[in-house]
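Before any comments, here is the structure.
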Protein chains: 2
Amino acid sequence: MSRWRPDARERLQQAALDLFAEQGFAATTVPEITARAGLTTRTFFRHFADKREVLYADDAEVPAMVATMMAEAPPSAEPLALIVEGLRTVAETRFEPRKAALLARRELVRTDAGLQERDLRKRAVMSEAIREGFQARGVDPARAALLAETSVTLINVSLAEWLDAPDDRKLYDIILETLATLRSALG
Amino acid sequence: MSRWRPDARERLQQAALDLFAEQGFAATTVPEITARAGLTTRTFFRHFADKREVLYADDAEVPAMVATMMAEAPPSAEPLALIVEGLRTVAETRFEPRKAALLARRELVRTDAGLQERDLRKRAVMSEAIREGFQARGVDPARAALLAETSVTLINVSLAEWLDAPDDRKLYDIILETLATLRSALG
DNA sequence: TATGGTGATGACACGACGTGTCATCACAGG
DNA sequence: CCTGTGATGACACGTCGTGTCATCACCATA
């Protein structure tokens with residue numbers, strides 16, 4: 001038997017999610033989490049930068065994934081088509097299969113200002129990745145920033161709607177509708 | 001003579017800004033700030049919700065101002081025209097006269113992740129105010145959310161560009177350019 | 001003039017977060 | 001068998017932010 005039970009990170013994450021669901025985010029202390037996971041407080045902060053990060057561990061690689069997608073797309077691809085295609089992949093691989101978890105997280109975030117700020121930061125990181133992706137493709141900086149912010153707006157507005165929609169609604173379809181709405185609004 | 005020197009809030013704000021400029025945000029403690037202002041730590045937190053808020057005190061009333069403007073605009077106004085006109089007012093009254101302060105704040109925010117999160121939260125609050133303004137005018141929820149997010153994107157992308165532009169460039173002109181760029185990018 | 005209310009501040013304790021640092025010790029590789 | 005490595009424990013510590021009670025100039029009113 002090894003010195004410690006394996007999967008410390010996963011145990012911490014599970015304990016944290018359980019406790020947040022039971023008593024809320026703010027009311028849960030890090031020592032409580034680590035006690036349930038059978039570890040020490042210090043170890044929690046070796047795996048997660050802070051208490052909020054544990055809620056976003058599953059999304060850590062998404063920006064890099066987006067960057068890769070953008071780098072590998074054919075040079076001829078139009079920015080808007082690139083966005084739509086990218087959002088489709090992210091929607092299908094990262095969001096559609098996790099609706100319940102995303103709903104639970106949204107509920108938690110709603111209750112805590114600090115979590116809202118962290119949520120916004122994650123969006124900003126995503127926007128930054130997209131912006132860099134466009135700039136690497138030769139799009140000029142101002143346009144790249146604008147396209148990136150707009151992409152993030154598209155996914156977030158659509159995501160919010162999808163989370164409240166019946167289960168048979170596809171996120172990708174909502175994204176397309178949202179894009180159409182945006183176009184008509186700027187008409 | 002009154003029991004305490006007046007303007008406690010302003011003194012705290014000034015002391016904080018000075019110290020942040022001298023030693024950075026993270027390296028400055030709240031007791032340092034209050035010592036310089038001649039007050040106690042507890043008093044700081046009576047005037048500002050947390051250490052970061054002191055940097056945003058001057059913008060506290062902006063969302064309410066936007067809400068008022070939107071409520072008072074003639075019912076016939078088109079959403080897009082409303083946005084442009086609103087951004088013009090905000091640009092001229094709240095941003096143009098404060099370029100130096102805004103540059104200094106941006107520099108501080110750049111150095112601290114926590115400040116970045118707070119900055120994003122302020123944008124989200126603004127977006128929320130705009131969204132509610134549109135909904136109160138009868139715009140349907142999805143469209144209102146989209147218009148609000150897009151408005152905030154417009155002002156932020158434009159603001160970033162304006163802060164780096166020569167002093168004779170007008171923020172409002174940059175906003176118009178940004179809007180044109182956005183239209184063409186979605187075209 | 002007296003009196004009682006009010007509102008801003010001080011003083012103090014405290015819990016929680018997050019970090020620095022050193023010790024421990026199973027495990028892998030030579 | 002030996003040695004380095006990497007994950008964890010143990011512990012101290014600084015900072016943030018809140019709860020609570022005391023203080024006391026100022027003000028309104030009788």
Side-chain angles (χ1 to χ4, degrees), chain A residues 1-20 22-57 60 108-109 111-119 121-122, chain B residues 1-20 22-57 60 108-109 111-119 121-122:
Chain A
M1 167 178 169
S2 64
R3 186 173 179 194
W4 297 284
R5 295 165 53 202
D7 302 323
R9 183 184 175 89
E10 285 69 27
R11 270 154 49 216
L12 286 169
Q13 197 179 349
Q14 193 56 54
L17 292 176
D18 291 348
L19 284 166
F20 293 165
E22 291 169 18
Q23 8 172 344
F25 176 81
T28 302
T29 67
V30 174
E32 275 180 306
I33 298 169
T34 53
R36 182 170 291 202
L39 294 163
T40 62
T41 302
R42 191 65 185 87
T43 295
F44 179 92
F45 291 108
R46 289 197 178 97
H47 287 279
F48 305 99
D50 57 55
K51 198 174 114 183
R52 290 169 280 167
E53 267 307 287
V54 71
L55 275 170
Y56 293 89
L108 274 178
V109 169
T111 66
D112 187 273
L115 278 178
Q116 290 165 34
E117 296 194 350
R118 175 54 46 86
D119 207 85
R121 183 164 169 68
K122 294 303 181 180
Chain B
M1 169 180 168
S2 65
R3 186 174 180 192
W4 298 283
R5 295 166 53 204
D7 301 324
R9 183 184 174 90
E10 286 68 26
R11 272 152 50 215
L12 286 169
Q13 197 178 350
Q14 193 56 53
L17 292 176
D18 291 348
L19 284 166
F20 293 165
E22 289 169 20
Q23 6 173 342
F25 175 81
T28 301
T29 67
V30 174
E32 275 180 305
I33 297 169
T34 53
R36 182 171 292 202
L39 294 164
T40 62
T41 302
R42 191 65 184 87
T43 296
F44 180 92
F45 291 108
R46 288 197 178 97
H47 286 278
F48 305 99
D50 57 57
K51 199 174 114 183
R52 289 169 281 168
E53 267 306 288
V54 71
L55 275 170
Y56 292 90
L108 274 178
V109 169
T111 66
D112 187 273
L115 278 178
Q116 290 165 35
E117 296 194 351
R118 176 54 48 86
D119 207 85
R121 183 164 169 67
K122 294 303 179 179

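No experiment lies behind these values; they were computed from the predicted model shown. So you know, we letter chains A, B, ... as the sequences are listed, proteins then strands, and number each from 1.
- One can place CD of B:E53 at 11 Å from P of D:dT18, the figure rounded to the nearest angstrom.
- In this structure, A:F45 and A:D50 approach most closely via the heavy-atom pair CE2-CA, 4.1 Å.
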Report, as a single string ordered 5' to 3', how protein heavy atoms within less than 4.0 Å touch nucleotides 9-18 of chain C: B base, S sugar-phosphate only, - not at all.
BBB----SSB
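- Here the NE2 atom belonging to A:H47 is positioned 11.5 Å from the OG1 atom belonging to A:T34, to the nearest 0.5 angstrom.
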Going through the checks in order, is the side-chain contact (heavy atoms from CB on, under 4.5 Å) test met by A:W4 and A:L39?
CA-CA 9 Å; A:W4 297 284; A:L39 294 163; 5.5 Å; no
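- Taking OH of B:Y56 as the start and CG of B:L115 as the end, the distance is 6.0 Å to the nearest 0.5 Å.
- Looking at heavy atoms from C-beta onward, B:E117 lies in side-chain contact with A:R52 at the 4.5 angstrom threshold.
- Taking 4.5 Å as the limit, some side-chain heavy atom of B:T43 sits within range of a side-chain heavy atom of B:R46.
- In summary, A:K122 and A:E53 engage in a salt bridge, as defined by a charged side-chain N under 4.0 Å from a carboxylate O.
- When the local axes at the two ends of the helix from C:dT1-D:dA30 to C:dG30-D:dC1 are compared, using 5 base pairs at each end, they differ in direction by 10° after rounding to 10°.
- Atom CD in B:Q23 sits about 11 Å away from atom P in D:dT15, given to the nearest Å.
- Between B:Q14 atom CD and B:I33 atom CD1 the span is 12.0 Å, to the nearest 0.5 Å.
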